[in-house]
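Everything below concerns the one structure shown next.
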Amino acid sequence: MVPQRTDTWYVSYVLIAANVAVFIVGLAMGDSLGGASSVDGLIFEAATWGPAIDVLNEWWRVFTGGFLHHGLFHLAVNMFSLYILGLALEQWLGRTAFAAVYLSSLVSGSFGALIETPNSLVAGASGAIFGLMGAYAALLLVHGVGLFQTPIGPILAINLVISFTVREVSLGGHLGGLVGGAIVGVAAAQAIRKQRYTTAIPVLAAVAVAAASFFGALWAAGRWTQAL
C-alpha cells in the first residue's frame, strides 16, 4: 500500500518555502551560510533554548526552532528529506492530516531536544522530518508492509545511525520527533485499516501529541540549571 505520486501536493511545498524564507531572514540578521550565528542572529533569537524558555518565558521557541537551520548544508539536507518524505506522506494522509503530523512532530522533537540538551541552541526541521519517518513507518507496519521492502527502512536506519554517532546532531530532537510522528501514524493507520479513516482521527492524535509535548518542553526547559 505504498502510494503512487501525483502532482497534487501543496503543504510540503509551503513548508519548504517557509524554511527557506526563514533561512534568508536569518542571513539578513547575521546568521552565516556556514552555520555560525551572531548574538543578533535569528538562531540566537529564536532557536529552541532552555534558559530563554524558562527564564524569559519565550515559550514560542518550542515552535520556531524547527524552522531554523545551522547553515546552508543543514537546510539543504532537511529540505531534500522533506521533499521526498513529505510528498509521499501528504498524498497518503491528505493535506490537513499531513500538516498535523509535521507540526506535532516538530513540537515533540523540541521536547526531546530539551530533555537531552536544555542548554544548547537547537535548530532544524530534523525533529519534524523524523516524525514523518515515524508516521510513514507506522502506516507501513500496520498494513503489513516490511520497512525494508520500501526505501523508508534504509533511510530510517541510516538516519538513526547518524543520530547516535554524530555529536553535532540532536539525538533527543530526532527521537522525540520519531516517537511523536509514530503515535499519530499508528492512529491514522488503524483507522485506515478498519476503513474508518477521517482527517479528524490523525488531527486529534496530533493535537494530543503536540499538547503533551509542549507542556513537557516547558518542564524540560526548566532543567537547564541542572546541566550547568
Side-chain angles (χ1 to χ4, degrees), residues 1-3 12 15-16 19 23 33-36 43 47-50 65-90 92-93 98 101-186 188-189 209 213 216-217 220 227:
M1 190 177 174
V2 180
S12 299
L15 289 170
I16 291 171
N19 278 275
F23 184 73
L33 287 172
I43 288 178
T48 303
W49 188 33
F67 288 94
L68 301 169
H69 288 85
H70 293 289
L72 183 60
F73 179 75
H74 189 203
L75 173 71
V77 170
N78 278 343
M79 293 307 97
F80 178 73
S81 300
L82 175 54
Y83 175 78
I84 297 298
L85 289 166
L87 299 188
L89 192 59
E90 185 173 347
W92 203 340
L93 293 179
F98 168 76
V101 172
Y102 186 91
L103 295 175
S104 61
S105 299
L106 185 153
V107 180
S108 63
S110 294
F111 178 25
L114 286 166
I115 288 177
E116 182 195 17
T117 54
N119 281 332
S120 298
L121 285 164
V122 179
S126 302
I129 291 168
F130 264 79
L132 299 184
M133 284 192 276
Y136 207 117
L139 285 161
L140 291 173
L141 291 173
V142 170
H143 286 90
V145 179
L147 295 185
F148 287 89
Q149 294 176 255
T150 72
I152 191 66
I155 291 172
L156 180 57
I158 291 169
N159 277 277
L160 285 173
V161 170
I162 293 172
S163 299
F164 278 98
T165 57
V166 178
R167 292 182 59 187
E168 288 77 13
V169 304
S170 174
L171 174 61
H174 290 181
L175 294 182
L178 182 68
V179 171
I183 291 172
V184 181
V186 167
V209 167
S213 297

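The structure displayed is predicted, hence computed values, not measured ones.
- Side-chain contact between Asn19 and Asn78 is absent, with no heavy-atom pair separated by less than 4.5 Å.
- Atom CZ of residue Phe67 and atom CG of residue Leu15 lie 6.0 Å apart, to the nearest 0.5 angstrom.
- For the pair Leu156 and Leu178, the minimum side-chain heavy-atom distance is below 4.5 Å.
- Contact annotation: the side chain of Thr117 never approaches that of Leu171 to less than 4.5 Å [non-hydrogen atoms, C-beta and beyond].
- In terms of modelled atom types and a separation under 3.5 Å, the side chain of Trp49 and the main chain of Asn119 share a donor-acceptor contact.
- Residues Ser105 and Leu132 fail the side-chain proximity criterion, which asks for heavy atoms closer than 4.5 Å.
- Atom CD1 of Ile155 sits about 7.5 Å away from atom OG of Ser81, to the nearest 0.5 Å.
- To the nearest 0.5 angstrom, Leu175 atom CG is 10.5 Å from Ser108 atom OG.
- Between Gly172 and Glu116, the shortest heavy-atom contact is N-OE1, 2.8 Å.
- Among all heavy-atom pairs drawn from Ala217 and Phe111, the shortest one is N-CD1, 3.5 Å.
- Here OH of Tyr102 is found 15.0 Å from CG of Leu93. Values are rounded to the nearest 0.5 Å.
- When atom types are taken as modelled, the side chain of His74 and the backbone of Gly124 share no donor-acceptor pair closer than 3.5 angstrom.
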Q | Full working for side-chain contact (heavy atoms from CB on, under 4.5 Å) between Leu139 and Leu89 | A | CA-CA 10 Å; Leu139 285 161; Leu89 192 59; 3.5 Å; yes

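- Leu68 is not listed as a side-chain neighbour of Leu121, based on a closest heavy-atom distance of 4.5 Å or more.
- What you find for Val122 and Ala47 is that their closest heavy atoms are O-CB, 3.5 Å.
- In this structure, the side chain of Glu90 does not engage the main chain of Phe98 through any donor-acceptor pair within 3.5 Å.
- Across Val101 and Gly131, no two heavy atoms sit closer than the pair CG1-O, 4.2 Å.
- Annotation: His69 is not in aromatic contact with Phe23 [ring centroid separation under 6.0 Å not met].
- In plain terms, the two heavy atoms of Gly127 and His174 that are nearest each other are N-CD2, 4.5 Å.
- The two residues Val142 and Ala189 come nearest to each other via the heavy atoms CB-CB, 3.5 Å.
- Within the model, atoms CG of Leu82 and CD1 of Ile129 stand 5.5 Å from one another, a figure rounded to the nearest 0.5 Å.
- The side-chain heavy atoms of Leu160 and Phe130, taken from C-beta on, include a pair separated by under 4.5 Å.
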